Amino acid sequence: MSVSMTDSGEIATPVESSKSAMTWGPIFGGAAAAIGVTLILLLLGSGVGLTMVSPWSGQSSSLGTVGVTAAIWLVVVQWLSSGLGGYITGRLRTKWAAVHTDEVFFRDTAHGFISWALATIFVAGFLASSLTSLAGAGAQAVGSAATAAGTAASSTVSTADLPTAYFTDALLRPEQARTGATSDDTAATAEVSRILLNGAVAGQIPDDDKAYLATIVSARTGLSEADARTRVDTVLKRIDDAKVAAQKAADEARKAASTTALLGALSLLIGAFIASAAAAFGGSQRDEEEDLLVKARI
């Protein structure tokens, strides 16, 4: 505290308030209002979003459309809840007497920002816990599927590693493949599976494997070598198309996630600004009219 002396020799001491410049009541009130509005709008958005997804083929919106729509809705939710929470924070705070106008403006904006931060932290924690529960359920489902796939694979590939089994088949591949394929259907099916799996891992199937597959198909189906080779090429083409479709879907999901993250970050920044501005606006309305206490002269 600095002490100064006036021209008349009097000592001037600055006035310091004993009360804190932060009022937690309006902050918690505005944060609670923002949280309530956010949860209501999120549930509303979830209901609208479910109408865009259908189990029937061709009746659902694309993944990109759903992602962009969800991101835009999150922006709207952030703006509406931040504006309401900040305004309530500014209107509920008590009047600061003998405080400069600029200081009042700063305190109002600070209160609105803190109210927005509390609401955002709560909603983020709520969403994180929900996503964690969903991820746990998904991981359990994936684990069950992986266990089932491993059990099914063990009956065809045995306990050997795929590369080892594939190269072992190549070493022991009989000269008369037609006779072996006809005599042992189970072994032929397992070997074809290993060839296809190895091709999926390597990214392509060698020409000698294609010829061997055509020989096995011809022996199992009675087709000519040319027709069997055509069937093999057709199936391999379908496998490649499925792989490209999966890569395209993954790329669309990546783009949608990136767009959602960028819009989410932008909405948070603008939400903080809106909450601060709304608190300053609410505080200014709170201070527009003054209640005067009139005392009679003695």
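These numbers were taken from a predicted model, which means no experiment stands behind them.
Tracing side-chain contacts under 4.5 Å through hydrophobic residues (I, L, V, M, F, W, Y), one reaches Leu84 starting from Trp73; they form part of the same cluster. Under the 4.5 Å side-chain heavy-atom criterion for grouping Ile, Leu, Val, Met, Phe, Trp and Tyr, Val37 is not connected to Ile40 through any hydrophobic cluster. Residues Val123 and Ile121 do not share a hydrophobic cluster, clusters being chains of Ile/Leu/Val/Met/Phe/Trp/Tyr side chains in contact below 4.5 Å. Phe113 and Ile35 fall into different hydrophobic clusters, where Ile, Leu, Val, Met, Phe, Trp and Tyr side chains are chained together by heavy-atom contacts under 4.5 Å.
Looking at residues two or more places apart in sequence or on another chain, you find a side chain to side chain donor-acceptor pair (under 3.5 Å) between Thr120 and Trp116. Taking Arg107 as the reference, Glu103 meet the salt bridge (charged side-chain N to carboxylate O under 4.0 Å, His left out) condition, with sequence neighbours excluded. In terms of the side chain to side chain donor-acceptor pair (under 3.5 Å) criterion, Ser276 has no residue partners (sequence neighbours excluded). The ring-ring contact (aromatic ring centres under 6.0 Å, His included) search around Trp24 returns Phe28, not counting sequence neighbours. A search for side chain to side chain donor-acceptor pair (under 3.5 Å) contacts involving Asp227 returns Ser224, not counting sequence neighbours.
At a threshold of 4.5 Å between non-hydrogen side-chain atoms, the residues Lys237 and Asp241 count as touching. In this structure, the side chains of Asp287 and Arg93 come closer than 4.5 Å at one or more pairs of heavy atoms. Put simply, the side chain of Leu41 does not reach to within 4.5 Å of the side chain of Val76, judged on heavy atoms.
The line from OH of Tyr87 to CG of Leu92 is 10.0 Å long, rounded to the nearest 0.5 Å. Rounded to the nearest 0.5 Å, atoms CH2 (Trp79) and CZ (Phe273) are 11.0 Å apart. Here the CG atom belonging to Leu42 is positioned 6.5 Å from the OG1 atom belonging to Thr38, to the nearest 0.5 angstrom. Going from atom CD1 of Ile27 over to atom CG of Leu118 covers 7.0 Å, rounded to the nearest 0.5 Å.
Here the closest heavy-atom approach between residue Gly85 and residue Ala34 is recorded as CA-CB, 4.2 Å. Between Thr89 and Gly112, the shortest heavy-atom contact is CG2-N, 4.2 Å. The shortest heavy-atom contact between Ser82 and Gly271 is CB-O, 3.3 Å. In terms of heavy-atom proximity, Ala31 sits nearest to Ala119 at O-CB, 3.8 Å.
Sorted by first and then second residue, the pairs that involve residues 255-271 and meet salt bridge (Lys or Arg N to Asp or Glu O under 4.0 Å), not counting sequence neighbours, are Asp251-Lys255.
Put simply, the side chain of His111 gets close to the backbone of Thr23: a donor and an acceptor are under 3.5 Å apart. One N or O on the side chain of Ser81 and one on the backbone of Gln78 form a donor-acceptor pair closer than 3.5 Å. Listed for the Arg286 side chain is no donor-acceptor partner under 3.5 Å among the backbone atoms of Thr94.
When the shell of 6.0 Å around CZ of Arg231 is examined, it contains 12 or fewer heavy atoms from other residues, nucleotides or ligands.
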